[in-house]
Amino acid sequence: MVGRVQPDRKQLPLVLLRLLCLLPTGLPVRSVDFNRGTDNITVRQGDTAILRCVVEDKNSKVAWLNRSGIIFAGHDKWSLDPRVELEKRHALEYSLRIQKVDVYDEGSYTCSVQTQHEPKTSQVYLIVQVPPKISNISSDVTVNEGSNVTLVCMANGRPEPVITWRHLTPLGREFEGEEEYLEILGITREQSGKYECKAANEVSSADVKQVKVTVNYPPTITESKSNEATTGRQASLKCEASAVPAPDFEWYRDDTRINSANGLEIKSTEGQSSLTVTNVTEEHYGNYTCVAANKLGVTNASLVLFKRVLPTVPHPIQGPGSVRGINGSISLAVPLWLLAASLFCLLSKC
């Protein structure tokens, strides 16, 4: 606050008048209309405020004061605040400069001038605007699906910041009119993710912060793949599940749990699991069960490892007079008398 220890406020006008009377009598001010109402000057926090006051003659007796007391009387500085100085770009100017303005500087300031007849004053009201600043926001939260969630976002600023919430999804839904509190009733897994709180006023750019909401839900099998294989080959069964927290997987054959041993290998990562048979035999064919579980529930899916039957190649149809040889080749059966008659005909040129 601009000021220093001052006399009793009730005595300020009298003290000011006495101080002014110590100076030579001057002429009435020219550039300030002392009959009009208070002027408003708006300055952003941290900027410099210039409160204008211009007199008609350099010998006029002038002083600045605010609600705390006298700041300047003539060229005598009463305030101990180093941010406060006189602004004198020419001999008749008696403006007050306040650097790095803060909210406690806001208020009414008076430029008082002693004329030949009576003192006159002009008031300026300094308004300090403050950029929005989020002072408190909910921490990241984890809840179970179906629970009610309340997110809080508090902000300071002058004018009062307007607060809006937005769910950071591809749709980017914005919650209008929620202000400091965002209530989500019966939250679903689709409503998990990051929520953005934005505090805005016209002073500067908005202040933005985020809070992460994690929604726990039980496992759901999203994909299960049976398979077929021939004996002596490798085969795999795959199972995928959606859950938060990520599910744990187990594999069963009938009611017996399967472990990675004896030619069987189980690999599980977040959200998926596979059972691999490195060398399929007749005993491996049949039904298997994939089980996915977390702290909220358990689910399962049945898969089958089928035996692959290789297709057989059909033999050509044998027609009349065809004979299959020892090596499987096919030849025609011709009577010997017909061969002899053909040969005789060739020799006799018949």
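Remember, predicted model here, so these are calculated numbers, not experimental data.
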Below 4.0 angstrom, N of the basic side chain to O of the carboxylate: do Lys225 and Glu240 qualify? no
Q) Just wondering, do Arg83 and Arg97 contact through their side chains at under 4.5 Å, heavy atoms? A) no
Of all heavy-atom pairs linking Asn148 and Leu185, the shortest is OD1-CA, 3.3 Å
Point to revise | Within-4.5 Å side-chain heavy-atom neighbours: Gln191 and Ile184 | key: yes
Would you find a donor on one side and an acceptor on the other, under 3.5 Å apart, between the side chain of Asn66 and the backbone of Tyr109? no
Evaluate Asp140 against Val211 for side-chain contact (heavy atoms from CB on, under 4.5 Å), listing each step before the verdict. CA-CA 5 Å; Asp140 293 347; Val211 55; 3.9 Å; yes
Value for CG (Asp105) from CG (Asp81), rounded to nearest 0.5 Å, stands at 7.0 Å
| message | Between His167 (side chain only) and Thr169 (backbone N and O only), is there a donor and an acceptor less than 3.5 Å apart? | response | no
Determine whether a donor-acceptor pair (N or O, by modelled atom type, separation under 3.5 Å) exists between the side chain of Asn259 and the backbone of Ala261. no
Tightest non-hydrogen contact, residues Glu93 and Arg89, listed as OE1-N, 3.0 Å
| query | Hey, is Glu196 close enough to Arg166 for a salt bridge, meaning N to O under 4.0 Å? | reply | yes
Check ion pair Lys238-Glu223 (N to O, under 4.0 angstrom): no
Output for pair (Lys198 NZ, Cys153 SG), nearest 0.5 Å, gives 12.0 Å
side-chain contact (heavy atoms from CB on, under 4.5 Å) with Trp64: of Ser79, Ser95, Cys53, only one passes, and it is Cys53
The reported gap from OG1 in Thr269 to NZ in Lys267 (rounded to nearest 0.5 angstrom) is 10.5 Å
Practice task
State yes or no: do Leu86 and Val84 share one hydrophobic cluster built from I, L, V, M, F, W and Y residues joined by side-chain heavy-atom distances below 4.5 Å, directly or via other members?
Solution key: yes
- Message: Looking at Ser192 and Val215, would you say the former's side chain and the latter's main chain have a donor-acceptor pair under 3.5 Å?
- Response: no
Closest non-hydrogen atoms of Ala49 and Leu126, given as atom of the first, atom of the second and distance, are CB-CD1, 3.9 Å
- Got a donor-acceptor contact below 3.5 angstrom from the Thr110 side chain to the Ser112 backbone? no
Exercise for the section: Check for a donor-acceptor pair, side chain of Asn294 on one end and backbone N or O of Pro245 on the other, with a separation under 3.5 Å. Expected result: yes
Exercise for the section: Using a 4.5 Å cut-off on heavy atoms from C-beta on, say whether the side chain of Ser138 contacts that of Leu151. Expected result: yes
Donor-acceptor pair, Asp76 side chain versus Ala73 backbone, under 3.5 Å?
-> no
| Side chains of Tyr252 and Glu250: do they bring a donor and an acceptor to under 3.5 Å? | yes
Any chain of hydrophobic side-chain contacts (each under 4.5 Å) joining Val203 to Val128? no
Between Asn201 and Glu160, does the side-chain contact (heavy atoms from CB on, under 4.5 Å) criterion hold? Intermediate values first, please. CA-CA 7 Å; Asn201 62 17; Glu160 188 75 19; over 6 Å; no
(Q) Less than 3.5 Å apart, any donor N or O on the side chain of Ser242 or Thr222 sitting next to an acceptor on the other? (A) no
Heavy-atom nearest pair, Pro219 first then Gly297, reads CD-O, 3.4 Å
- Show the numbers, then the answer: is there a side-chain contact (heavy atoms from CB on, under 4.5 Å) between Cys111 and Leu51? CA-CA 9 Å; Cys111 177; Leu51 310 184; over 6 Å; no
If you draw a 6.0 Å radius around CD in Glu270, do more than 12 non-hydrogen atoms from other residues or ligands fall strictly inside?
no
Test side-chain contact (heavy atoms from CB on, under 4.5 Å), reference Ile127, set Val101, Val43, Asn40, output is Asn40
If only atom types and distance count, is the side chain of Asp39 paired as donor or acceptor with the main-chain N or O of Val124 below 3.5 Å? no
Going by heavy atoms in the side chains, are Glu183 and Val149 under 4.5 Å from each other?
-> no
Quick one: does any side-chain atom of Gln210 pair with a main-chain N or O of Tyr195 as donor and acceptor, under 3.5 Å?
no
*Does atom NZ of Lys100 have more than 12 heavy-atom neighbours, drawn from other residues, nucleotides or ligands, at distances under 6.0 Å?*
no
Would you call Lys307 and Glu282 a salt bridge, using N to O less than 4.0 angstrom? yes
With side-chain hydrogen bond (donor to acceptor under 3.5 Å, both in side chains) as the criterion, how do Asn216 and Glu145 come out once you've worked through the C-alpha distance, each side chain's angles and the decisive distance to 0.1 Å?
CA-CA 6 Å; Asn216 292 333; Glu145 190 172 36; over 6 Å; no
Connected to Val280, directly or through other members, by ILVMFWY side-chain contacts below 4.5 Å are Leu237, Trp251, Ile258, Leu264, Ile266, Leu275, Val277, Tyr285, Tyr288, Leu303, Leu305
Heavy-atom nearest pair, Glu180 first then Trp165, reads O-NE1, 3.8 Å
Please examine the side chains of Glu85 and Lys77, heavy atoms only from C-beta on, and report whether any two atoms are closer than 4.5 Å.
yes
Taking side chain as C-beta onward, heavy atoms only, is Met154 less than 4.5 Å from Ile134? no
Taken to the nearest 0.5 Å, the spacing of Arg308 CZ from Asn227 CG works out to 7.5 Å
Minimum side-chain heavy-atom gap Glu87-Tyr94 below 4.5 Å:
no
Answer yes if Tyr181 and Val208 sit in the same cluster of Ile, Leu, Val, Met, Phe, Trp and Tyr residues linked by side chain heavy atoms under 4.5 Å apart, and no otherwise. no
Membership question, hydrophobic clusters at under 4.5 Å side-chain separation (ILVMFWY): are Ile98 and Ile41 in the same one?
yes
Would you check if the side chain of Asn156 reaches a backbone N or O of Lys133 as a donor-acceptor pair within less than 3.5 Å? no
For a quick check under 3.5 Å, do Asn279 and Gln234 share a side-chain donor-acceptor pair by atom type? no
Ser302 versus Asn287: any side-chain heavy-atom pair under 4.5 Å? no
Heavy atoms of Glu202 and Pro159 approach each other most closely as OE2-CG, 3.2 Å
Linking I/L/V/M/F/W/Y whenever their side-chain heavy atoms sit closer than 4.5 Å, directly or via other members, would Ile71 and Val103 fall into one cluster? yes
